[in-house]
Amino acid sequence: MKAKPNKFPFKGDKKHVYNKLIDKEISSVNVGWAIFAFELHSDLYYGESKVDGVTEFDNRTIKLEMNLSDLDARETIIHEIYHCMLEGCGLDEKNFDNIKMQLTNEQLVVALSKQTMLVHNLNPNLNAIIYA
């Protein structure tokens, strides 16, 4: 009988970022203006679309799909944290009501670099794991 592939890659991989977060008891990220809890979900959807991650600002959660490789999980965590960073400096979608944002490259880089430093300074253990 052929073995069924593991649906959740992190379960057998001690080096997977999810296991490292669990081992170090890191369950949230402080983005300066709020703390967002990480949640692992199976078959994660946003509306009708299957997604790897989604940030819910109202309840301060970052939901992460469990069925991701280590590399994809790391990228998704970073991606969702950047949503929080952009929200924190006023560059969120709701303020623009689906109108394209008119930013120069320099404006965006300044906003993201400042927010990145803030998140890194507030979460040194999380960053050591994500970027390891």
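The analysis underlying the following values was restricted to heavy atoms, covering all of them including side chains, and did not include hydrogens, waters or symmetry mates. In this text, all values refer to a predicted model and were calculated from it rather than measured experimentally.
- In this structure, Phe36 has its ring center closer than 6.0 angstrom to the ring center of Phe57.
- Under a hydrophobic-cluster definition in which Ile, Leu, Val, Met, Phe, Trp and Tyr are linked whenever side-chain heavy atoms come within less than 4.5 Å, directly or via other members, Val110 and Leu103 are assigned to different clusters.
- In terms of modelled atom types and a separation under 3.5 Å, the side chain of Glu65 and the main chain of Asp43 share a donor-acceptor contact.
- Between the side chain of His16 and the backbone N or O of Ala73, no donor-acceptor pair lies under 3.5 Å.
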Query raised in the report: Step by step, would you call Leu64 with Leu44 a side chain to side chain contact (heavy atoms under 4.5 Å, CB included)?
Result: CA-CA 7 Å; Leu64 303 165; Leu44 185 60; 5.7 Å; no
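- The SG atom of Cys84 sits 4.0 Å away from the CD1 atom of Ile62 when rounded to the nearest 0.5 Å.
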Requested in this report: List the steps and the verdict of side chain to side chain contact (heavy atoms under 4.5 Å, CB included) for Ser42 and Asn67.
Outcome: CA-CA 7 Å; Ser42 177; Asn67 188 19; over 6 Å; no
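- In this structure a side-chain-to-backbone donor-acceptor pair under 3.5 Å is missing from Glu56 to Asp58.
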Pairs of donor and acceptor atoms involving the side chains of residues 118-132, under 3.5 Å and at least two apart or interchain, shall be tabulated with distances.
from   : atom 1 : to     : atom 2 : distance (Å)
Asn121 : ND2    : Met117 : O      : 3.1
Asn123 : OD1    : Asn30  : N      : 2.9
Asn123 : ND2    : Asn30  : O      : 2.6
Asn123 : ND2    : Val119 : O      : 2.8
Asn127 : ND2    : His120 : O      : 3.4
Asn127 : ND2    : Asn123 : O      : 2.9

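- In terms of heavy atoms, Ala111 sits closest to Cys89 at CB-SG, 3.8 Å.
- The number of heavy atoms from other shown groups lying within 6.0 Å of NZ (Lys50) is above 12.
- Criterion: ILVMFWY side-chain heavy atoms under 4.5 Å apart, direct or through other members. Under it, Val109 and Met85 are not part of a common hydrophobic cluster.
- We find the CD1-CD distance between Ile81 and Gln115 to be 12.0 Å, quoted to the nearest 0.5 Å.
- The two residues Thr76 and Asp72 have their closest heavy-atom pair at OG1-O, 2.8 Å.
- The shortest distance between side-chain heavy atoms of Leu68 and Tyr18 falls below 4.5 Å.
- Side-chain atoms of Ile77 and Leu21, non-hydrogen and from C-beta on, do get closer than 4.5 Å to each other.
- Between His79 and His83, the ring planes are perpendicular. Angles over 60° get that label, and only those under 30° would be called parallel.
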Query raised in the report: Going through the distances and angles, do Thr116 and Ser113 end up as a side chain to side chain contact (heavy atoms under 4.5 Å, CB included)?
Result: CA-CA 5 Å; Thr116 299; Ser113 61; 5.6 Å; no
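- Glu39 CD: more than 12 foreign heavy atoms inside a 6.0 Å radius.
- The closest side-chain heavy-atom distance from Val29 to Phe38 is below 4.5 Å.
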Requested in this report: Could you check Lys20 against Arg74 for side chain to side chain contact (heavy atoms under 4.5 Å, CB included), going step by step and ending with a plain yes or no?
Outcome: CA-CA 11 Å; Lys20 288 183 176 186; Arg74 288 171 191 271; 4.0 Å; yes
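- When atom types are taken as modelled, the side chain of Asp70 and the backbone of Val17 share a donor-acceptor pair closer than 3.5 angstrom.
- Of the charged side-chain nitrogens involved, none lies within less than 4.0 Å of a carboxylate oxygen, so that Glu80 and Lys63 do not count as a salt-bridged pair.
- Side-chain contact between Leu40 and Met66: present, with at least one pair of heavy atoms (C-beta onward) separated by less than 4.5 Å.
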